[in-house]
Amino acid sequence: MQHRFVIKGKLPGLNDYLKAERSFHRGHSCGNDMKQEYQMLVSNAIRASLKRQAIKSPITIHYSFYEPNRRRDLDNIAAVAHKFIQDALVKCRVIENDGWQYIKGFSDEFHVDKHNPRIEVTLIEAGDKDGRVDKAT
């Protein structure tokens with residue numbers, strides 16, 4: 001079985017996050033504030049689409065990133081997004097943990113859509129077809 005949700009807009013890149021991690025405001029890391037803010041945005045997208053869905057079998061995650069332009073490097077786009085999204089899946093109790101036992105792997109693809117930047121996330125349960133993403137879902 002496959003489950004899909006969409007995050008509108010784009011998440012900060014790795015460079016943005018590392019810069020925030022090195023910055024402090026009133027004695028605590030701005031990186032943590034950034035993570036909390038974007039994790040809430042991701043959690044809202046998860047709850048809107050998946051409701052209270054809990055997935056018990058291991059999953060593979062497919063990310064489709066739609067950027068407004070080609071300015072950011074691909075690894076800069078994906079690195080922090082993986083972390084924030086997988087942590088939000090645990091926080092929303094869609095998956096129990098984001099370790100190897102629960103996430104078997106992930107794949108990325110990148111596109112440009114200047115009018116509708118977004119991240120489409122597909123969770124593919126173990127044993128579903130041959131693990132290919134079904135574009136119809």
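Model, not experiment: these values are computed from the prediction. Here, residue 1 is the first one in the sequence, and each next residue gets the next number.
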Enquirer: Which one of Lys104, Gln2, His3 satisfies the side-chain hydrogen bond (donor to acceptor under 3.5 Å, both in side chains) criterion with Glu125?
Expert: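 Testing Glu125 for a side-chain hydrogen bond (donor to acceptor under 3.5 Å, both in side chains) against Lys104, Gln2, His3 leaves exactly one candidate, His3.
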
Enquirer: Check the orientation of Phe65 and Phe110. Use parallel for under 30°, tilted for 30 to 60°, and perpendicular for over 60°.
Expert: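 Parallel: the ring planes of Phe65 and Phe110 meet at under 30°.
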
Enquirer: Counting C-beta onward and ignoring hydrogens, is there a side-chain heavy-atom pair between Pro117 and Glu67 closer than 4.5 Å?
Expert: no

Enquirer: If I take atom NZ from residue Lys8 and atom CG from residue Asn44, how far apart are they, to the nearest 0.5 angstrom?
Expert: 11.5 Å

Enquirer: Quick check against the 3.5 Å criterion: does Asp113 have a side-chain atom that pairs as donor or acceptor with the backbone of Asn116?
Expert: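 Checked: pair present.
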
Enquirer: Work out which heavy atom in Gln39 is nearest to a heavy atom in Phe84; give both atom names and the distance.
Expert: CG-O, 4.2 Å

Enquirer: Heavy atoms, side chains only, cut-off 4.5 Å: are Lys83 and Asp87 in contact?
Expert: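 Side-chain contact under 4.5 Å: yes.
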
Enquirer: Taking the side chain as every heavy atom from C-beta outward, state whether Leu11 and Val42 have any pair of such atoms under 4.5 Å apart.
Expert: yes

Enquirer: Would you say that Arg52 contacts Arg93 through its side chain, given a criterion of any heavy-atom pair below 4.5 Å between the two side chains?
Expert: no

Enquirer: Within the 4.5 Å heavy-atom criterion, are Lys91 and Met40 side-chain neighbours or not?
Expert: yes

Enquirer: Only one of Ile77, Ile85, Asp108, Val6 passes side chain to side chain contact (heavy atoms under 4.5 Å, CB included) with Ile119; say which it is.
Expert: Ile85

Enquirer: Any side-chain heavy atom of Leu89 sitting closer than 4.5 Å to one from Tyr102?
Expert: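 Sidechains of Tyr102 and Leu89: no contact.
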
Enquirer: Is there a path of hydrophobic side-chain contacts, each under 4.5 Å between heavy atoms of I/L/V/M/F/W/Y residues, joining Ile46 to Leu41?
Expert: yes

